[in-house]
Amino acid sequence: MADKASKVADLAQRRGFYWPAWEIYGGVAGFYDLGPLGKELKNKIIELWKETLMKPLQRIILELETPIITPYRVLEASGHVQNFTDPIVECTKCGRKYRADHLIEEATGLKVEGLSPEDLTKIIKENNIRCPVCGGELSEVKKFLLLFQTQIGPYEGDKGFIRPETAQGAFVNFKRVYQFMREKLPFGIAQIGRVGRNEISPRQGLLRLREFTIAEIEFFFDPLNPGKPPLDYEAKIRLLPWELAKEGQKEPVEVTIKEALDKGWIINEWMAYWMLKAKELLNKLGIKDEDQFFEEKSPEERAHYSSQTYDQLVRTERYGWMEVSGHAYRGDYDVSRHIKFSGKDLYAFRKYKEPKKVKVKVVRWNARELGIRFKSKAKKIMEALKNVDPELVEKELLEKGYVEVEGEKLEKGIVWVEEREETVSGERFVPHVVEPSFGVERLLYVTLEHALKEKDGRLVLSLPRYLAPIEAVVLPLVEEDEIVKKAKEVWELLAKSGFRVEYDEKGSIGRRYARFDEIGVPAAVTIDFQTLQDDTVTVRDRDSWEQVRVKIEDLPKVLRRFIKENKPLEECVT
RNA sequence: GCGGCGGUCGUCUAGCCUGGACUAGGACGCCGGCCUGCCACGCCGGAGAUCCCGGGUUCAAAUCCCGGCCGCCGCACCA
């Protein structure tokens with residue numbers, strides 16, 4: 001019996017939504033083409049994403065586009081190079097795979113992290129390490145890199161990678177956008193773009209791709225003054241926090257945002273805000289509340305950069321709960337790493353409400369005396385004095401009467417500590433980041449799966465009407481000259497009114513309804529014999545199959561209400 | 001990557017075990033014509049298949065053998 005996943009895949013291929021890429025050459029696992037309807041639907045999903053996640057905060061959510069090819073240094077800074085490569089050995093007998101470094105550490109106690117595959121292989125041979133399960137011989141150690149690698153320019157060693165997420169393009173641009181925002185936080189950088197991950201074994205159609213589209217926001221804020229998201233504290237959200245999961249809880253609990261924050265299940269208000277928006281987006285894609293929830297990742301399975309991560313899961317028939325978005329509290333990890341690796345100032349600045357008068361102790365010295373006494377060494381001593389702790393100097397001078405710097409004793413009088421008053425207007429800090437990140441193709445898939453219904457043994461793609469790639473179809477009831485002519489006029493009218501509208505005159509009317517139901521066309525406009533009498537047509541609802549009679553001149557208005565405003569058909573007529 | 005199963009017109013499939021009359025059959029879909037007054041269900045005709053790819057065995061391979069690719073399921077992996 002065909003399950004939903006194969007029905008979706010079958011429909012997708014047959015009716016132009018998507019299919020395996022490069023298929024005339026046998027296909028390559030993990031790559032898919034989007035067909036005309038799939039591309040159109042994806043565009044609409046992205047549009048809806050922008051409307052839901054960007055538009056409400058349009059003054060502070062800014063969209064950027066950064067390159068896909070990313071230099072080595074960037075991904076080294078982000079931790080991906082380290083975290084995306086695993087040295088792997090395989091048992092030649094039973095085929096089990098292991099992390100080579102883990103295996104060696106277990107067997108010998110040696111610390112081997114960071115060694116080359118060749119060295120690891122040598123160690124395995126020398127120590128005669130075998131498969132811990134079946135005792136079989138182990139293969140050579142191979143480096144498995146989950147990043148796609150390429151070369152930038154003609155020189156070897158100038159390594160580039162296809163980005164595994166768009167986030168790094170946002171982090172490296174923090175300072176520029178911060179300045180664009182006139183140095184105000186919070187703000188978010190949105191990016192929608194292609195990424196590549198060289199999955200070991202991609203399967204599950206659109207749900208596990210090697211190349212796909214990510215839509216994400218890096219939301220930067222001051223951890224001491226995060227600002228208030230426009231958050232509905234009474235809104236309900238379905239959660240499975242780790243605190244409950246580790247006690248064996250399997251089912252999510254439904255709580256208000258307020259409760260989730262109070263209990264510490266969501267550690268940050270902005271996290272809560274984006275999670276709520278994610279839920280809203282899924283609702284708009286036709287996923288009901290009971291078919292989605294958020295699951296907190298355990299500390300072990302969390303990404304290397306994150307201190308809290310929730311996955312948004314959607315029910316699928318064959319694959320169970322499937323992750324469609326991730327919500328990570330990335331803290332100051334990424335920006336800090338880029339400060340460290342690039343040596344650039346990517347700090348934000350926090351102004352105090354009032355400039356603070358602070359008393360600062362400063363080490364002072366008599367440069368003239370030092371010069372006379374130490375000659376050329378004096379410069380070095382003065383440099384050192386700049387960096388010593390004034391408190392310490394004060395203490396030494398008090399206790400011993402001198403302080404030792406660069407191996408020289410400097411007594412009170414030649415060195416002393418002064419207290420000065422300074423005005424400080426603020427301080428530098430690294431912004432914190434929360435990141436909602438969506439896999440667009442996964443959204444596409446769950447949208448299709450949840451829209452696909454069966455009615456009287458036929459497939460009906462009950463997409464939310466505003467998502468339908470084709471909005472309406474004009475059908476002459478029979479292939480009769482007068483009616484066909486009229487139908488073409490109606491098609492013209494709708495096309496000119498801005499609808500994406502199809503036309504079909506072949507075959508029986510029932511067959512045509514069925515054909516357009518299957519690709520989710522919400523409205524079928526039928527021209528019949530009565531049309532020739534009184535200029536009215538029937539409009540048929542894809543889901544209920546009910547029909548109403550409408551004057552041709554009212555048709556654009558009625559369809560606009562029906563499709564864009566999503567009203568029930570009867571309400572659109574009045 | 002391992003193991004199991006599979007891959008035949010656009011789709012679903014018959015044929016494979018037991019090699020030859022397979023010029024690869026059917027259904028749906030598609031195209032054309034007729035018919036047709038509202039839900040894929042009438043009639044006639046037509047186009048459409050590298051039998052996944054490569055190699056081998058054989059007089060002869062869709063069919064048997066080997067390798068590869070792709071898909072599904074399980075294991076492993078999943079930053």
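Below, read A as the first sequence line, B as the second, and so on, with proteins coming before strands; counting in each chain starts at 1.
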(message) Which residue is it: Arg542(A), Arg540(A), Lys453(A)? I am looking for the one with a salt bridge (Lys or Arg N to Asp or Glu O under 4.0 Å) to Asp517(A).
(response) Arg540(A)
(message) Check the phosphate of U11(B) against Gln13(A), side-chain N and O only, distance under 4.0 Å to OP1 or OP2. Yes or no?
(response) yes
(request) Using the test salt bridge (charged side-chain N to carboxylate O under 4.0 Å, His left out), find all partners of Glu76(A) that sit at least two apart in sequence or belong to another chain. (result) Arg73(A)
(message) Please enumerate all residues that pass ring pair (Phe, Tyr, Trp, His ring centres under 6.0 Å) together with Tyr32(A), with sequence neighbours excluded.
(response) Tyr18(A)
(request) Could you identify which residues of residues 65-77 of chain A place a heavy atom less than 4.0 Å from some atom of RNA chain B, listed by residue number, or say none? (result) none
Polar atom pairs between nucleotides 3-7 of chain B and protein, under 3.5 Å, N or O only, would you list them?
none

(request) Go through the structure and list residues passing salt bridge (charged side-chain N to carboxylate O under 4.0 Å, His left out) with Asp554(A), not counting sequence neighbours. (result) none
(message) Generate the contact string for nucleotides 30-37 of chain B. Rules: B means base contact, S means sugar-phosphate contact only, - means no protein heavy atom under 4.0 Å.
(response) S-SS--BB
(message) Test side-chain hydrogen bond (donor to acceptor under 3.5 Å, both in side chains) on Glu216(A) and Thr166(A); report intermediate values, then the result.
(response) CA-CA 7 Å; Glu216(A) 60 188 1; Thr166(A) 64; 2.5 Å; yes
(request) Output the residues of residues 537-554 of chain A in contact with RNA chain B, where contact means a heavy atom of the residue under 4.0 Å from an atom of the strand; sort by number or write none. (result) Thr538(A), Arg540(A), Trp545(A), Gln547(A)
(request) When you get a sec, tell me which of A79(B), U11(B), C73(B) is the closest nucleotide to the side chain of Tyr319(A)? (result) C73(B)
(request) Establish, with yes or no, whether the OP1 or OP2 oxygen of C73(B) is under 4.0 angstrom from a side-chain nitrogen or oxygen of Arg318(A). (result) yes
(message) If you take any heavy atom closer than 4.0 Å to RNA chain B, which residues from residues 435-445 of chain A end up in contact?
(response) none
(request) Identify, with sequence neighbours excluded, every residue that meets side-chain hydrogen bond (donor to acceptor under 3.5 Å, both in side chains) alongside Thr536(A). (result) Asp534(A), Arg549(A)
(request) Using side-chain contact (heavy atoms from CB on, under 4.5 Å) as the criterion, list what pairs up with Ser336(A), not counting sequence neighbours. (result) Asp332(A), Val430(A)
(message) Among residues at least two apart in sequence or on other chains, which ones pass salt bridge (charged side-chain N to carboxylate O under 4.0 Å, His left out) with Lys567(A)?
(response) Glu565(A)
(message) Just to verify, what does Arg208(A) make a salt bridge (charged side-chain N to carboxylate O under 4.0 Å, His left out) with, not counting sequence neighbours?
(response) Glu199(A)
